[in-house]
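Along the sequence shown, residues carry numbers from 1.
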Amino acid sequence: MMGATNIGALCVLVIVSLSSAEAAGIPSKDWDYIIFTQHWPATVCLQWKAEGTGHSCALPKASMWTVHGVWPTKNNTKGPMFCNKSLPFDEEALAPIASDLQNYWINIDMPTPPYSFWRHEWEKHGTCAAALPALHKEIDYFSQGLDWLKKFNMYTALQNQGIHEGNAYMVKNIREAVRVQFGKLPTVHCYKDSNTGKSYLFEIRLCFDKSLKNINCPKACSTNCPNVPIEYPTLSDLNKRVEVKRKWLLDLLRIVRWIQWITY
């Protein structure tokens, strides 16, 4: 197993070699590699509920990571995005895989319009991925994301390396667990709860070249996670957090009513 020091050195080598190959920030519809992003539904739901009242979540029936997106990316920058307006989203084209999308490429953020999540991903990223013959059709693009989810099952990969929901881990250990399972370095991203200050495991991103071969992510060591153990929450943790918030609101309401009563 590769040690943490060697992983860090490899990350630097990967970043430096690609930095010298491309000038940063060139606006273009061209791209160099694909980021395949899986996100952890419990954390997605935590973030979504924190962003607004009335937000609810559609969650998978079992513990599993789900697809966020398949994102063509230019070295040293973001995007490109919204590449081809001549390829409008067609929900009927997804009919053969609609049930799989609902189960594995879930629109967790509720209530939002049907197909809105997939429409967004296709228009923003799919129209750029369509430059590849293998991803030119809408159904090919989404099918590729579903195929990668099955092949690179993040929940099982983490479990196999002793990374279990309900515990906290350093990012470098999560990154190493994925590297051991799949052979290439991913990137790891977190969501920070502004109320509690806790950081939660949010996304793990794998990278692929234009032949759809898994590669080291060019910015494998970059992360928005703090250098402390981060929470890998369970769905039961999510339910407990909701109950605590509900109790806090009820207690606040009782206090307000009591103040109104004594000052009447």
Could you grab the distance from atom CG of Asn167 to atom CG of Leu201, nearest 0.5 Å is fine?
12.0 Å
If you look only at pairs with a residue in residues 92-194, which of them pass as a disulfide (SG to SG under 2.5 Å), with sequence neighbours excluded?
Cys83-Cys128, Cys190-Cys225
Counting distance only, does the side-chain N/O of Ser143 pair as donor-acceptor with the main-chain N or O of Asp140 below 3.5 Å?
no
On a heavy-atom basis, which atom in Ala129 and which in Leu135 lie closest, and how many Å separate them?
O-CB, 3.6 Å
Test ring-ring contact (aromatic ring centres under 6.0 Å, His included) applied to His55 - qualifying residues, sequence neighbours left out
Trp48
Do Tyr200 and Asp193 come within less than 4.5 Å of each other through their side chains, counting heavy atoms only?
yes
Atom pairs and distances, donor-acceptor, side-chain atoms in residues 63-70, under 3.5 Å, two or more places apart:
residue : atom : partner : partner atom : Å
Ser63   : OG   : Glu165  : OE2          : 2.9
Trp65   : NE1  : Tyr232  : OH           : 3.0
Thr66   : OG1  : His39   : NE2          : 3.4
His68   : ND1  : Glu203  : OE2          : 2.6

Please identify each residue that fulfils side chain to side chain contact (heavy atoms under 4.5 Å, CB included) with Gln47, with sequence neighbours left out.
Glu51, Tyr191, Phe202
Contacts of Ser211 meeting side chain to side chain contact (heavy atoms under 4.5 Å, CB included) (sequence neighbours excluded), chain-then-number -> Asp209, Lys213
To the nearest 0.5 Å, what is the distance between OH (Tyr155) and NE2 (His164)?
8.5 Å
Those residues that, when tested against Thr187, pass side chain to side chain donor-acceptor pair (under 3.5 Å) (two or more places apart):
His189
Not counting sequence neighbours, which residues clear salt bridge (Lys or Arg N to Asp or Glu O under 4.0 Å) with Lys137? List them please.
none
Do Thr73 and Ile34 have side chains that get closer than 4.5 Å, going by heavy atoms?
no
Short question: side chain of Gln144, backbone of Ile139 - any donor-acceptor pair under 3.5 Å?
no
In the single-linkage hydrophobic clustering (I, L, V, M, F, W, Y; side-chain heavy atoms under 4.5 Å), do Val44 and Met110 co-cluster?
no
Step by step, work out the side chain to side chain contact (heavy atoms under 4.5 Å, CB included) result for Ser199 and Glu231.
CA-CA 6 Å; Ser199 289; Glu231 302 287 333; over 6 Å; no
Show every side chain to side chain donor-acceptor pair (under 3.5 Å) that has at least one partner inside residues 80-90, sequence neighbours left out.
Asn84-Ser86
Please report the interatomic distance CD(Gln102) to CD1(Ile97), rounded to the nearest 0.5 Å.
10.5 Å
Should Cys217 and Lys184 count as side-chain neighbours, where that means a heavy-atom distance under 4.5 Å?
no
Here the gap from Asp109 atom CG to Ser56 atom OG, rounded to the nearest 0.5 Å, amounts to 9.5 Å
Is there a donor-acceptor contact under 3.5 Å from the side chain of Lys192 to the main chain of Pro226?
no
Applying ring-ring contact (aromatic ring centres under 6.0 Å, His included), can you list everything that pairs with Tyr169, at least two apart in sequence or on another chain?
none
For Asn160, which residues count as a side chain to side chain contact (heavy atoms under 4.5 Å, CB included) partner, sequence neighbours excluded?
Thr156, Gln181
To the nearest 0.5 Å, atom CG of Leu46 lies from atom OG1 of Thr196 at 9.0 Å
Strictly distance-based, threshold 3.5 Å: is any side-chain N or O of Trp118 a donor or acceptor partner for the main-chain N or O of Trp105?
yes
Consider only side-chain heavy atoms of I, L, V, M, F, W and Y, link residues closer than 4.5 Å, and tell whether Met170 and Ile204 are in one cluster.
no
Non-hydrogen atoms of Arg179 and Leu185 that approach each other most closely:
CD-CD2, 3.8 Å
Would you call Leu212 and Leu132 a side-chain contact if the rule is heavy atoms closer than 4.5 Å?
yes
A side-chain contact here means heavy atoms from C-beta on lying under 4.5 Å apart; do Thr127 and Trp122 qualify?
yes
Do the side chains of Lys124 and Trp71 get nearer than 4.5 Å, heavy atoms only?
no
Is the backbone N or O of Lys74 less than 3.5 Å from a side-chain atom of Asp32, with the two atoms forming a donor-acceptor pair by type?
no
Considering all heavy atoms of both residues, which atom of Tyr33 and which atom of Ile35 are nearest to each other, and what is their separation?
CE1-CG1, 3.7 Å
Is atom OH of Tyr104 surrounded by more than 12 heavy atoms (other residues, nucleotides or ligands) closer than 6.0 Å?
no
With Glu121 via salt bridge (Lys or Arg N to Asp or Glu O under 4.0 Å) - residues at least two apart
none
Any side-chain heavy atom of Leu87 sitting closer than 4.5 Å to one from Glu138?
no
What is the distance from atom OH of Tyr141 to atom NE2 of His125, rounded to the nearest 0.5 Å?
6.0 Å
Test: ring-ring contact (aromatic ring centres under 6.0 Å, His included). Region: residues 76-102. Which pairs qualify, not counting sequence neighbours?
none
For the residue pair Lys219 and Ser222, what are the closest heavy atoms and their distance?
O-OG, 2.7 Å
Whether the side chain of Trp40 engages the backbone of Pro233 through a donor-acceptor N/O pair (distance < 3.5 Å, no angle test) should be reported.
yes
Looking at Cys207, is its backbone amide N or carbonyl O close enough to the side chain of Asn214 to form a donor-acceptor pair, meaning the two atoms are under 3.5 Å apart?
yes
Before accepting this row, confirm whether a basic side-chain N of the pair Asp30/Lys210 lies closer than 4.0 Å to the acidic partner's carboxylate O.
yes
Residue pair Pro60 / Ile106, side-chain heavy-atom distance below 4.5 Å
yes
With a 3.5 Å distance limit and no angle check, can you tell me whether Arg205 reaches the backbone of Val188 through a side-chain donor-acceptor pair?
no
